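What you are looking at is a predicted structure, and each value in this text was computed from that prediction instead of being measured. Chain letters run A, B, ... following the sequence lines, proteins first and then strands; every chain starts at 1.
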There are 2 protein chains.
Amino acid sequence: MPRVGLTRDALISAAADVADEIGFEHLTLAVLAKRFGVRDASLYTHVRGLSDLMEGVALLAHDEWAEVLGQAVAGRSGHAALTAFADAYRAFATGHPGRYAATRYPIAPERLAASQGVARIIEACYALLRGYDLPEPDATDAVRLLRSTFHGFSDLEATGGFTADRSLDASWRRAVDALHHTLTEWSRI
Amino acid sequence: MPRVGLTRDALISAAADVADEIGFEHLTLAVLAKRFGVRDASLYTHVRGLSDLMEGVALLAHDEWAEVLGQAVAGRSGHAALTAFADAYRAFATGHPGRYAATRYPIAPERLAASQGVARIIEACYALLRGYDLPEPDATDAVRLLRSTFHGFSDLEATGGFTADRSLDASWRRAVDALHHTLTEWSRI
DNA sequence: GACCTATCCTAGGTACCTTAGGTTAAAACC
DNA sequence: GGTTTTAACCTAAGGTACCTAGGATAGGTC
């Protein structure tokens with residue numbers, strides 16, 4: 001019986017792909033083991049258990065997501081930065097539904113702190129706001145508003161929450177423009 | 001062995017309470033059966049299975065939610081209606097996290113159509129917009145924007161997505177005011 | 001009091017997570 | 001090249017949960 005040569009990273013990466021294919025909530029050790037032609041108990045050599053695997057996927061997703069969002073904001077400002085950030089956000093959520101769902105999985109605080117991903121995402125958010133010149137605590141309120149709208153739209157879209165006969169792209173564009181307007185007029189609200 | 005007198009409605013109602021207590025995703029037939037002092041197999045007399053039970057909770061949650069949101073909008077318009085709707089939305093989401101999570105559970109189309117809840121919620125949304133006088137398709141875009149922001153904020157709040165040291169109530173107030181501003185200025189965006 | 005219905009039961013199958021301990025492939029060492 | 005060590009992958013088994021099949025019986029009807 002030759003060895004497959006599993007590693008923790010290979011498992012987590014494959015698990016992320018599985019999650020994108022069948023949904024993060026349907027990710028199971030059994031299906032992952034089957035993908036590698038291995039018994040599910042064998043996975044415990046590389047991973048503490050299902051929740052550990054899920055945390056790994058969550059951290060990986062955060063890192064990949066941070067990369068995408070950071071790229072979108074880099075070299076842009078104002079409306080262009082906001083639009084690029086928003087589109088990258090939604091593209092990640094719809095293009096990688098399993099990974100996106102994983103980003104909502106609770107991660108142990110010490111691991112979260114060790115990871116760069118979350119910090120880079122928050123950093124990208126604040127960088128994006130720099131062009132709108134908001135003082136604290138308005139900047140935090142604005143970041144929360146942006147995240148809420150982006151996450152809410154993406155989540156509702158992913159779970160089939162929108163049923164009206166109207167282009168989702170068009171509604172999205174409108175929402176982003178509305179946020180831009182809000183940010184520019186922030187002090188007058 | 002005396003009979004407990006279970007009914008489908010009693011099961012679903014209790015399941016909704018269980019979901020609020022331990023989370024909709026942790027709702028299980030075993031814990032529900034234990035709550036009634038009954039074997040889990042006995043529940044199948046009243047419910048087709050776990051997914052049927054979950055659908056029942058989802059429909060119940062939609063109905064209760066529609067009631068709350070309808071009450072909030074009734075007799076109000078403009079900013080007052082928006083604020084009341086928003087606060088009722090968030091209060092339901094944070095006060096009944098299990099029921100709120102259930103509203104995101106996929107429901108069979110024919111059951112969804114038979115239920116009044118969803119229709120009443122959408123109706124409340126459009127009623128709320130009446131004061132802002134938006135033509136289609138802007139009204140649909142606006143409804144989607146409102147739902148996205150409310151859902152995103154509530155979901156992120158419920159799952160611990162906001163970590164900054166800033167009052168959530170204050171950020172929420174700001175978000176709602178921003179939406180009001182957006183709706184009043186809609187044609188100029 | 002006998003009968004019927006439907007409630008609740010036991011028994012058992014499947015799937016998944018997890019632990020314990022054994023084999024052996026593959027690397028490390030002499 | 002042969003021996004030792006490491007750890008990858010295994011089998012076995014226990015726990016929990018969903019679900020089906022079929023039996024016992026409470027509670028109502030006649």
Side-chain angles (χ1 to χ4, degrees), chain A residues 1-61 98 101-102 104-108 111, chain B residues 1-61 98 101-102 104-108 111:
Chain A
M1 50 193 88
R3 308 234 157 143
V4 184
L6 296 179
T7 62
R8 178 180 171 85
D9 286 349
L11 279 183
I12 288 173
S13 175
D17 293 340
V18 170
D20 280 338
E21 290 165 25
I22 66 175
F24 184 68
E25 70 278 13
H26 296 123
L27 174 62
T28 164
L29 290 177
V31 61
L32 189 60
K34 193 173 291 178
R35 178 157 300 210
F36 283 101
V38 150
R39 297 305 178 113
D40 43 352
S42 305
L43 302 182
Y44 283 79
T45 302
H46 309 281
V47 149
R48 266 188 233 257
L50 180 62
S51 58
D52 179 44
L53 177 75
M54 285 171 146
E55 272 194 46
V57 174
L59 288 170
L60 172 68
R104 309 265 62 245
Y105 187 79
I107 304 177
R111 273 200 199 174
Chain B
M1 50 193 87
R3 310 237 157 142
V4 183
L6 297 180
T7 62
R8 179 180 171 84
D9 286 350
L11 279 183
I12 289 174
S13 175
D17 292 342
V18 170
D20 280 338
E21 290 165 25
I22 66 174
F24 185 67
E25 70 278 14
H26 296 122
L27 174 62
T28 165
L29 290 178
V31 61
L32 188 60
K34 193 172 291 179
R35 178 156 302 209
F36 283 101
V38 152
R39 297 304 177 113
D40 46 350
S42 305
L43 302 183
Y44 284 79
T45 302
H46 309 280
V47 149
R48 266 189 233 260
L50 180 62
S51 58
D52 179 45
L53 177 74
M54 285 171 148
E55 272 194 46
V57 174
L59 288 171
L60 172 68
R104 308 266 62 243
Y105 187 79
I107 303 177
R111 273 201 199 171

What pairs of nitrogen or oxygen atoms, one from the protein and one from nucleotides 28-30 of chain D, lie under 3.5 Å apart?
none

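In this view, B/A10 and B/T7 satisfy the side-chain contact (heavy atoms from CB on, under 4.5 Å) rule, not counting sequence neighbours. B/D17 meets the side chain to side chain donor-acceptor pair (under 3.5 Å) test with B/R99; sequence neighbours excluded. With sequence neighbours left out, B/A33 forms a side-chain contact (heavy atoms from CB on, under 4.5 Å) with B/D40, B/L43. For B/L59, the side-chain contact (heavy atoms from CB on, under 4.5 Å) test picks out B/I107, B/R111, B/S115, with sequence neighbours left out. When the side-chain contact (heavy atoms from CB on, under 4.5 Å) test is applied to A/A14, the partners found at least two apart in sequence or on another chain are A/L32, A/F36. Listed by chain and number, the residues in a side chain to side chain donor-acceptor pair (under 3.5 Å) with A/R8 are A/D52 (sequence neighbours excluded). Residues that satisfy the salt bridge (charged side-chain N to carboxylate O under 4.0 Å, His left out) test with B/R35, not counting sequence neighbours, are B/E21.
The CE atom of A/M54 sits 12.5 Å away from the CD1 atom of A/I12 when rounded to the nearest 0.5 Å. Taken from CG in A/L11 to OG in A/S42, the straight-line distance is 10.5 Å, to the nearest 0.5 Å.
Listed by residue number, A/V38, A/R39, A/A41, A/S42, A/T45, A/H46 are the residues of residues 26-55 of chain A with a heavy-atom contact under 4.0 Å to DNA chain D. A heavy atom closer than 4.0 Å to some atom of DNA chain D occurs in no member of residues 7-18 of chain A.
Pairs engaging residues 41-60 of chain A under the ring-ring contact (aromatic ring centres under 6.0 Å, His included) rule: none recorded [sequence neighbours left out].
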